Amino acid sequence: MKITFLGTGTSQGIPVINSLDPVCLSTDKRDKRLRVSILVEWDSYTYVVDCGPDFRYQMLRADVRKIDGILFTHEHADHVAGFDDIRPYCFQMGEVPIYAQERVLTTLTERFAYIFETENKYPGSPSVKQYSIGEGAFKLHNLEVHPINVMHGDLPILGFRFREFAYLTDVKTISNKEKEKLKSLKVLVISALRIEPHKTHLNLDEALALIDELKPEKTYLTHISHKLGFHAEVEKILPKNVFLAYDELEIMI
Ligand SMILES: [Zn+2]
Ligand SMILES: [Zn+2]
């Protein structure tokens with residue numbers, strides 16, 4: 001299975017528009033972060049997790065010729081705002097399968113009503129096939145996917161486990177029951193927003209404490225704010241086997 005980090009930044013991305021913060025002005029390529037998303041590929045299948053405002057550019061940059069579907073973690077704009085840009089894939093394959101919690105599907109239907117229109121639909125607008133997920137495991141072809149219910153502040157959202165790989169973004173807390181589903185991981189991707197605490201996101205210390213508890217073989221941090229610091233500096237202080245993800249990083253599991 002191949003994972004490509006399409007974006008590793010928090011909601012505003014890095015650089016932030018108009019920011020004079022040194023991290024936003026950094027010339028290190030790894031300090032340029034689009035909004036968070038990954039590509040998951042195995043056999044001949046390709047799925048995207050989330051579809052944020054940078055989706056179009058991310059698909060062009062990674063040269064993604066086809067997708068088999070989109071999994072949504074939650075409905076915040078940095079995870080869904082690129083939804084209209086799935087059109088080239090719809091022209092190619094017809095309805096694009098989308099997987100999300102019922103609440104997220106409802107929100108998408110409200111925000112992108114024209115996509116879900118059944119009568120007099122505007123020609124050329126995207127078409128999707130909705131799958132409601134969240135309770136149990138579900139199948140994508142030959143692969144079992146386990147949704148992981150995590151809390152993003154007060155909002156219950158989803159992470160996903162694919163075999164020995166798990167992707168958890170926008171996390172603040174995880175119940176003991178869900179932690180059980182995160183045992184024996186080869187690779188964990190988890191969000192770590194910044195150094196200072198935040199109401200709805202893990203900061204670096206909280207993420208490291210959770211990693212220590214879950215004990216995956218390797219961890220990559222994502223959903224990173226410029227307030228976490230320079231990529232090169234932060235990596236130096238991380239424990240063994242914990243790394244910062246960066247845009248366009250590819251890992252094989
Ligand atoms: Zn987010
Ligand atoms: Zn969020």
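Predicted model only: the values in this text are computed from it and were never measured. Remember, it's 1-based here, ligands and their atoms both numbered in the order they're listed. Sequential numbering from 1 along the given sequence is applied to the chain's residues. All heavy atoms count here, side chains included; hydrogens, waters and symmetry mates do not.
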Listed protein N/O/S atoms, distance to the Zn ion (ligand 1) under 2.8 Å: D78 OD2, H79 NE2, D170 OD2, H223 NE2
Ionic contact status for D247 with K29, cut-off 4.0 Å: no
Donor + acceptor pair across side chains of R33, H231 (<3.5 Å): yes
Heavy-atom side-chain proximity of L6 to I38 below 4.5 angstrom: no
Note: K172-E206 ion pair, threshold 4.0 Å (strictly below): yes
Salt bridge (Lys or Arg N to Asp or Glu O under 4.0 Å) partners for D212, two or more places apart: none
Pair D68 + K66: basic N to acidic O under 4.0 Å: yes
